[in-house]
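Accompanying notes for the structure given below.
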Amino acid sequence: MDEQKRYFSRELLLWYRANKRDLPWRRQSNPYYTWVSEIMLQQTRVETVKPYFERFIGKFPTVEALADAPEEEVLKAWEGLGYYSRARNLQTAAREVKEQYGGQVPNDKAKVSALKGIGPYTSGAIMSIAFNRPEPAVDGNVMRVLSRYFRLHDDIAKPATRVHMEHLAQELIPEGCASDFNQALMELGALVCTPKSPSCLLCPVMEHCEGRMAGEELILPIKTKAKPPKPELRYAALIEGTGEHEGKVLVRQRPDTGLLAKMWELPHILVPKQVGIVGMSDAESYAILHHSLQAEGVDVAPVEHWMDAEHTFSHIHWQMRVYRCNLRNLQPKDNTVYKWAGPEEMEELAFPNVFVRLLKIRFQ
DNA sequence: AATACGGGGTT
DNA sequence: AACCCAGTATT
């Protein structure tokens, strides 16, 4: 191995040991904590994850506790974190670990990799961080750091690039220091070698960083852009309960698969594209909402436009118009479950953020 | 190899 | 408002 690589590993490790952050999942070594934190950290920032991790471990302190919990509780604990299949896969995998491995995360790369929701990055992170095994853990931070330090111009959006980076990252792990070194690599990416304006002058490996020496720290890593989210207009119905349902609104559960699977929502419809958006009269909107919801077994009379909301997923942009409606009849189609939800039910049912925000406004 | 799958941050 | 960030499963 050449001196540029040796220098990198040595200096990065020293820097990490002096600068590592105090994070909830680092307080004690526990493979279950490493696992939960790494799943939560997929596509999600450290500051967002912190409170979720604390609550989650409080509710489900062990693999067995998670395995034995009702799925709705796990989903509720994940509410607002996004990518909800992570929560369902995590519990499926916890049940597998309970049954097959006595509740202990196996110290075996192949067995960990075979668990639901654990791909190449997360298996490497668990093996290295929890068991100090010399496996690469290549996430976006690591690809950015390596692209810059070694001045690699490969497109990091391409799967082949990650494979190449894994070979390099594994080679760089100092003997017996996989846990600290892999965390050091990601810590540098998070704190110093940041996407926008990297703090090169604070970087422990600046002297031999080829990207910086070439003046390319701002153009690296190379990454092709994602395509923009597809716009969708949706009409939602805010249906107020009366009598015994006074103070509540009608909500329903989404299908078991696909977007926001098993989450709760206001009844709503996708407005057919041809209908057009701008300049549609209230009467026309009411008619569309009425007819589409009726086809789903929800017979309503729209009363007034209540408010608008927008929500962007990674691939879809929702523009929502919410109408206050009176319910005339409810005959749920294809096993869709409807409920009346007030503030109390909000504590039990898991809603995606776009509906959390709307219902918070409704219930004040 | 491309797409589905949330939510939040910065500029 | 436009843009950026980023793992796994599925197809």
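Atoms considered below: every heavy atom in the structure, side chains included; atoms not considered: hydrogens, waters and symmetry mates. Chain letters run A, B, ... following the sequence lines, proteins first, then strands; residues in each count from 1.
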Categorize [X] for me: base, sugar-phosphate, or nothing, with a 4.0 angstrom heavy-atom threshold over every strand shown.
| X | answer |
| --- | --- |
| A/Lys196 | sugar-phosphate |
| A/Gln43 | base |
| A/Lys230 | nothing |
| A/Thr312 | base |
| A/Ile118 | sugar-phosphate |
| A/Arg88 | nothing |
| A/Ile39 | nothing |

Could you state the [atom1]-[atom2] distance from [X] to [N], rounded to the nearest angstrom?
| X | N | atom1 | atom2 | value |
| --- | --- | --- | --- | --- |
| A/Met40 | B/dG7 | CE | C1' | 14 Å |
| A/Met186 | C/dC5 | CE | P | 18 Å |
| A/Arg86 | C/dA6 | CZ | P | 14 Å |
| A/Asp155 | C/dA6 | CG | P | 13 Å |
| A/Met143 | C/dA6 | CE | C1' | 8 Å |
| A/Glu79 | B/dG6 | CD | C1' | 13 Å |
| A/Asn89 | C/dG7 | CG | P | 16 Å |
| A/Phe355 | B/dG6 | CZ | P | 13 Å |

Closest to the [X] side chain: [options]?
| X | options | value |
| --- | --- | --- |
| A/Tyr83 | C/dA6, B/dG8, B/dT3 | C/dA6 |
| A/Thr44 | B/dG6, C/dA6, C/dG7 | B/dG6 |
| A/Thr122 | B/dC5, C/dC5, C/dG7 | C/dG7 |
| A/Arg45 | B/dG8, C/dC4, C/dA6 | B/dG8 |

Quiz item: A/Ser197 or A/Ile316: which one's nearest nucleotide on DNA chain B is closer to the 5' end?
Solution: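 This one resolves to A/Ile316.
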
Quiz item: Given that A/Pro159 and A/Tyr52 both sit by DNA chain B, which one's nearest nucleotide is further toward the 5' end?
Solution: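 This one resolves to A/Pro159.
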
Hey, is the side chain of [X] poking within less than 4.0 Å of OP1 or OP2 on [N], counting only N and O atoms?
| X | N | answer |
| --- | --- | --- |
| A/Asn353 | B/dG6 | no |
| A/Tyr121 | C/dA6 | no |
| A/Arg357 | B/dG8 | yes |
| A/Lys116 | C/dT8 | no |
| A/Arg162 | C/dA6 | no |
| A/Ser314 | B/dG7 | no |
| A/His315 | B/dG6 | no |

Check: [X] side chain, [Y] main-chain N or O, donor-acceptor pair, under 3.5 Å:
| X | Y | value |
| --- | --- | --- |
| A/Arg6 | A/Met1 | yes |
| A/Arg254 | A/Leu259 | yes |
| A/Thr336 | A/Lys333 | yes |

Taking atom [atom1] in both [N] and [M], compute the distance separating them and give it to the nearest angstrom.
| N | M | atom1 | result |
| --- | --- | --- | --- |
| B/dC5 | C/dC5 | P | 23 Å |
| B/dG8 | C/dA9 | P | 23 Å |
| B/dG6 | C/dC4 | C1' | 15 Å |

Quiz item: Does the separation of the ring centres of A/Trp25 and A/Phe53 fall below 6.0 angstrom?
Solution: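 When the ring centroids of A/Trp25 and A/Phe53 are compared, they turn out to be within the sub-6.0 Å range.
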
Quiz item: Within a strict 4.5 Å, meaning less than it, do heavy atoms of the A/Tyr235 and A/Val322 side chains meet?
Solution: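 Counting from C-beta outward, A/Tyr235 and A/Val322 never come under 4.5 Å.
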
Quiz item: Can you list every pair that meets side chain to side chain donor-acceptor pair (under 3.5 Å) and has a residue in residues 180-190 of chain A, with sequence neighbours left out?
Solution: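 Found A/Tyr16-A/Gln183, A/Arg17-A/Asp180, A/Arg21-A/Glu187, A/Arg26-A/Gln183, A/Arg26-A/Glu187, A/Ser128-A/Asn182, A/Ser179-A/Gln183.
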
Quiz prompt | Over-ring placement of A/Arg55 relative to A/Tyr52, 6.0 Å and 45° cut-offs | solution =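 Judged by the rule, A/Arg55 and A/Tyr52 form a cation-pi pair.
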
